[in-house]
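Atoms within each ligand, like the ligands themselves, are counted from 1 in listed order. The structure presented is a predicted model; accordingly, all values stated were derived computationally and were not measured.
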Amino acid sequence: MRANDLLARLPKVDLHLHLDGSVKPETILDLARRQGIELPVYDKDGLIPHMRVGEECGSLIEYLSKFDFTTRFLQSAEALERVAYEVVEQSAEHNCRYVEVRFAPQLHKNNGLTVEETIRHVVEGMKRGQRDFGVRVGVIAICMRNHSCESNLEVIEAAAKYVGKGLVAVDLAGDEASYPPECFREVFAESGRLGIPVTIHAGEAAGAMNVYEAVTNLGAVRIGHGVRLKESRSILEMVKDRRIPLEMCPISNIQTKAVSGWEAYPIREYLEQGLVVTINTDNPSVSGTNITNEYRVLADRFGFTTPELVKLIMNGVDAAFMEDHDKLSLRREMEEEMSSLGVLN
Ligand SMILES: O=c1[nH]cnc2c1ncn2[C@@H]1O[C@H](CO)[C@@H](O)[C@H]1O
Ligand SMILES: [Zn+2]
């Protein structure tokens, strides 16, 4: 089998995928028509520059500016359910067997939906996708760094009602460099009280101290990106000792300038140092990527061998926010598939 075919056919998981960063241009065309919203252009290729970052992307802030365009169309129950469903469909196309999709409820209330309703509709769309495409799913509700404590607490409280009913965790995303991390202690103390698992975007646009804050003071049991962890030996050791998985998103990390370029991307050293590294897409439509492509780039750039790629995939299974018995059956199914592809001894 050719190497690229193998990467496409390998069963995979994706633990870090934003709903509003995963919308197909053709879906925007249709949503705009149905919602009567004017578009700058009316063909899907023409929409791509409005939705995707280019080579020139210089920072996370520039990267995040792309989201304003898409979220305008995601303000109704129908739109949220539809894009949630389509994300599962796209994951299935790349042989993902499990996907965790995250979104920020507060960004989808412009036309009167409540926080709780946004979660309900995303869960509904994902579950329908799970039934139709045979991909296991989980939803993560995001608090935003630029939102008030009150708005973020509202997200945590609504999320608590969906734990065990499709929602698997809460997160913190947005402009990491501009907001002091301590502001979020009160918010995530509440998720702790309510028993909701926490993952936090940290060490992407700011240093390793943010990872320390996320783990020790915000209760994070996983870290989104963690690229800049290498800036502190002691914090890296702590993350390693506690076996905190890193949700790395290679293409996005290069685009947001979490590191200066591929030669500085620490993925091989993290893996060799024993960190639990997982590979994810972040935002397929903003980054112009998919999960197969992420593995292909790693194989090309870092010479990862098939057993190393399998290890990265299975790290993702171990790190999933899933009940133990579900995780066990996912692992068994994936190992069986890998065996039949001849990549497991
Ligand atoms: O890599 C990232 N780092 C930080 N924030 C992000 C990233 N990707 C997306 N978002 C932010 O999360 C919101 C909800 O999905 C998006 O609207 C975007 O502002
Ligand atoms: Zn992200």
Atom pair CZ (Phe73) and CD (Gln75), whose distance is rounded to the nearest 0.5 Å: 10.5 Å
For ligand 1, the portion of Asp282 having any non-hydrogen atom under 4.0 Å away: side chain
Remaining members of hydrophobic cluster (4.5 Å side-chain criterion), Leu64: Val53, Leu60, Tyr63, Phe67, Val286
Which residues share a ring-ring contact (aromatic ring centres under 6.0 Å, His included) with Phe321, sequence neighbours left out: none
Protein contact to atom 5 (N) of ligand 1 [nearest heavy atom, distance to 0.1 Å]: Gly174 N, 2.9 Å
Any side-chain donor near an acceptor of the partner, Asp14 and Thr281, under 3.5 Å: yes
Salt bridge Arg228-Glu176, side-chain N to carboxylate O under 4.0 Å: no
N or O pair under 3.5 Å between Asn283 and ligand 1: yes
Close approach of Met144 to ligand 1, heavy atoms, under 4.0 angstrom: yes
His225 N/O under 3.5 Å from ligand 1 N/O: yes
Ligand 1 contacted by Glu176 (non-hydrogen, < 4.0 Å): no
Within 6.0 angstrom of Glu150 CD, more than 12 heavy atoms from elsewhere: no
Pair Arg34 + Glu78, salt bridge at N-O below 4.0 Å: no
Within-cut-off N or O pair, Phe67 and ligand 1, under 3.5 Å: no
Heteroatom distance test (Asp20, ligand 1): nitrogen or oxygen, under 3.5 angstrom: yes
For atom 3 (N) of ligand 1, closest protein heavy-atom neighbour: Glu204 OE1, 2.7 Å
Sum of protein N, O or S atoms, each under 2.8 Å from the Zn ion (ligand 2): 4
Contacting atoms of ligand 1, where contact means under 4.0 angstrom from a heavy atom of Leu107: 17 (O)
Pairing of Glu116 and Lys161 as salt bridge, 4.0 angstrom limit: yes
Salt-bridge contact Lys257-Glu62 (side-chain N to carboxylate O under 4.0 Å): no
Whether over 12 other heavy atoms sit under 6.0 Å from Glu237 CD: yes
Pairs touching residues 179-220 that satisfy ring-ring contact (aromatic ring centres under 6.0 Å, His included), sequence neighbours left out: His16-His201, His18-His201, His201-His225
Numbered atoms of ligand 1 (with element) below 4.0 Å of Ile142, judged on heavy atoms: 14 (C), 15 (O)
Sub-4.0 Å heavy-atom contact, Gly21 with ligand 1: no
Lys/Arg-Asp/Glu bridge criterion (N-O < 4.0 Å) met for Arg82, Asp30: yes
Residue, atom name and distance, where the atom is the protein heavy atom closest to atom 11 (C) of ligand 1: Leu64 CD2, 3.8 Å
Heavy-atom side-chain contact between Asn217 and Glu182 under 4.5 Å: no
Heteroatom distance test (Thr71, ligand 1): nitrogen or oxygen, under 3.5 angstrom: no
